[in-house]
Amino acid sequence: MVGVGDAPPILDFSAFYTGDTAAKKKLVDDVRSCCLHNGFFQITGHNVPLELQQGIMDWNKKFFDLSLEQKLEVSKDTSNTWNRGYELLKSQILEEGTLPELKEGLYIGDEISKSHPYFINKKLNSGPNMWPSTTTLPDVEDFSKTAMAYYYKVVDLAKDILKVLAQTLDLEESYFDEFAEGAVATMRLLHYPSQPPDSPQKLTRGIGAHTDFGTITILLQDKVAGLQVLDNQTKEWLDVAPTPGAFVVNLGNLMMRWSNDKYISNTHRVINQSGQERYSIPVFFSGNPDFVVECLPNCRAEGEEAKYKPITVEQAVLGGYADSYGRAERFKKDAAAKASKGLVAKGVAVA
Ligand SMILES: O=C(O)CCC(=O)C(=O)O
Ligand SMILES: [Fe+2]
């Protein structure tokens with residue numbers, strides 16, 4: 001059982017693949033208890049090889065070591081409309097009232113060609129990936145191969161986690177299969193520069209307090225700490241220290257809504273005061289964009305109403321994005337307006 005004030009526990013997921021009935025039952029019980037408590041757990045004993053985790057993390061660093069000009073060749077804002085490519089530092093504000101976030105990212109997803117129905121129909125985040133040119137990165141082929149091998153392995157892991165989640169709700173292991181068929185999932189390579197010592201402590205975030213928009217998130221952290229999860233009961237921030245080889249798994253808003261708020265999509269943030277560069281790789285598993293999410297079985301008492309109306313996966317996830325990017329845009333416009341009137345205090349203005 002996870003208790004009040006405990007950081008997300010590390011569960012041995014190998015019981016799902018090889019365990020006997022008792023070990024599998026224990027895994028299901030532990031996952032259920034985490035879903036009800038903080039919506040966060042960590043797993044070892046999964047099928048994603050350590051070398052592949054290291055390989056993608058090495059590429060994460062190599063990509064962000066490129067010059068700004070080189071990274072902008074694959075800019076998410078100018079080179080496509082399907083949310084792939086490079087995102088500049090300070091593009092998002094997930095926590096109202098804080099400064100634009102000290103993180104830069106590279107968005108990668110399933111390699112969807114321009115003749116694919118998802119691309120033609122402009123489905124959520126669907127299209128070709130944006131890879132640097134060979135002039136910029138001579139061994140870019142190794143980058144894309146490593147990234148895609150890692151991505152597909154993690155998407156498979158997400159489907160296995162969904163099988164365990166189904167069992168936590170006393171549903172058939174295959175309950176989420178239709179939802180997971182043709183699923184959209186987005187991976188972000190993230191780099192959090194070390195927070196400058198003179199940045200305002202209370203307002204500076206690597207990523208502000210937020211909940212994730214999708215169904216489940218599977219996160220790989222490098223060695224540098226910084227991720228914190230809010231304990232729902234004590235309202236304390238709990239550090240999620242990186243454990244080699246482990247993934248941090250958390251439920252997103254879609255799963256919370258789908259479970260009629262029985263399961264928790266929990267608030268978390270990153271503050272990088274380590275004095276070192278921090279790297280991480282979340283994969284956000286949304287689901288089939290056209291799948292309609294409507295209160296799951298066993299999530300409300302007899303006769304109790306569902307709290308939410310049915311919604312497609314696509315509509316639910318897009319709503320979350322619009323809010324966070326809109327905030328950063330408004331912040332920058334306001335800051336520019338104030339700066340032009342000479343109102344912004346030194347150190348608070350945003351470039
Ligand atoms: O970098 C991390 O550890 C967390 C990232 C995160 O929460 C997100 O991208 O939604
Ligand atoms: Fe997150």
Side-chain angles (χ1 to χ4, degrees), residues 7-8 10 38-43 53 56-57 60-61 63-64 76 83-84 86-96 98 100-109 125 150-151 154 158 184-195 204-230 232 237-256 264-274 276-286 316-325 327-328:
I10 300 176
N38 267 340
F40 263 84
F41 51 96
Q42 305 185 69
I43 55 173
Q53 291 181 328
I56 187 63
M57 204 48 101
N60 189 351
K61 292 175 193 161
F63 175 78
F64 290 112
K76 169 174 165 296
N83 209 16
R84 302 291 170 91
Y86 175 66
E87 180 174 272
L88 275 169
L89 271 175
K90 301 182 180 176
S91 295
Q92 253 183 325
I93 299 179
L94 284 155
E95 183 177 344
E96 189 88 56
T98 60
E101 295 164 354
L102 284 184
K103 68 165 176 1
E104 54 181 343
L106 181 70
Y107 282 72
I108 297 169
N125 299 342
Y150 176 82
Y151 172 84
V154 174
V184 167
T186 300
M187 167 160 102
R188 293 214 281 191
L189 306 189
L190 290 176
H191 169 220
Y192 299 88
S194 167
Q195 186 174 311
T204 308
R205 299 283 182 271
I207 186 164
H210 70 284
T211 53
D212 292 346
F213 314 137
T215 306
I216 45 179
T217 305
I218 301 180
L219 172 84
L220 181 65
Q221 304 192 75
D222 194 26
K223 297 182 187 65
V224 176
L227 174 63
Q228 297 183 314
V229 176
L230 188 68
N232 263 328
W237 287 101
L238 307 172
D239 293 318
V240 189
T243 300
F247 285 112
V248 180
V249 181
N250 64 287
L251 306 182
N253 298 348
L254 194 65
M255 184 50 92
M256 183 157 170
I264 308 295
S265 166
N266 205 6
T267 306
H268 54 286
R269 68 182 186 185
V270 171
I271 299 184
N272 182 14
Q273 290 171 337
S274 64
Q276 290 168 278
E277 308 292 296
R278 179 174 188 272
Y279 298 88
S280 71
I281 308 176
V283 174
F284 305 96
F285 188 92
S286 297
V317 174
L318 285 175
Y321 282 155
D323 291 348
S324 71
Y325 287 98
R327 254 196 306 273

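Indexing begins at 1, ligand by ligand and atom by atom, following the structure's order.
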Quick one: which ligand 1 atoms are inside 4.0 Å of a heavy atom on [X]?
| X | value |
| --- | --- |
| Phe284 | 8 (C), 9 (O), 10 (O) |
| Val270 | 1 (O), 2 (C), 3 (O), 4 (C) |
| His268 | 7 (O) |
| Ile207 | 6 (C), 8 (C), 9 (O), 10 (O) |
| Asp212 | 10 (O) |
| Pro282 | 9 (O) |

Check each heavy atom of [X] against ligand 1 and say whether those closer than 4.0 Å belong to the side chain, the backbone, both or neither.
| X | value |
| --- | --- |
| Arg278 | side chain |
| Thr217 | neither |
| Leu219 | side chain |
| Arg269 | neither |

Run the salt-bridge test on Glu95 and Arg205 with the 4.0 Å N-O cut-off and return the result as yes or no.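 Counted as a salt bridge, because a side-chain N and a carboxylate O are separated by less than 4.0 Å.
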Considering only protein heavy atoms, which is closest to atom 5 (C) of ligand 1, and at what distance to one decimal place?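 Closest protein heavy atom to atom 5 (C) of ligand 1: Tyr192 OH, 3.4 Å.
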Of the protein's non-hydrogen atoms, which lies at the shortest distance from atom 9 (O) of ligand 1, and what is that distance?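 Going atom by atom, the protein heavy atom closest to atom 9 (O) of ligand 1 ends up being Arg188 NH2, 3.0 Å.
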Parallel, tilted or perpendicular: which one describes the rings of His191 and Tyr279, with boundaries at 30° and 60°?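 Parallel: the ring planes of His191 and Tyr279 meet at under 30°.
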Calculate, to the nearest 0.5 Å, the distance between atoms CD1 and CG belonging to Ile271 and Asp239 respectively.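 It is 9.5 Å, given to the nearest 0.5 Å.
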Do any N or O atoms from the side chain of [X] and from the backbone of [Y] form a donor-acceptor pair under 3.5 angstrom?
| X | Y | answer |
| --- | --- | --- |
| Gln195 | Gly206 | no |
| Gln42 | Thr243 | no |
| Asn272 | Tyr192 | yes |

Write down the atom of Met57, the atom of Asp222, and the distance for their closest heavy-atom approach.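 Taking Met57 first and Asp222 second, the nearest heavy atoms are CE-N, 3.5 Å.
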If you take all heavy atoms of Pro100 and Ile93, which pair is closest and at what distance?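 It is CA-CG1, 3.6 Å.
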Side chains of Tyr107 and Arg84 only: does a donor on one sit below 3.5 Å from an acceptor on the other?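 Absent: no donor and acceptor within the cut-off.
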Is the closest heavy-atom distance from His210 to ligand 1 below 4.0 Å?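 For ligand 1, residue contact (heavy atoms, under 4.0 Å) with His210 is present.
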The Fe ion (ligand 2) as vertex, arms to NE2 of His268 and OD1 of Asp212: angle to 10°?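 With the Fe ion (ligand 2) as the vertex, NE2 (His268) and OD1 (Asp212) sit 90° apart.
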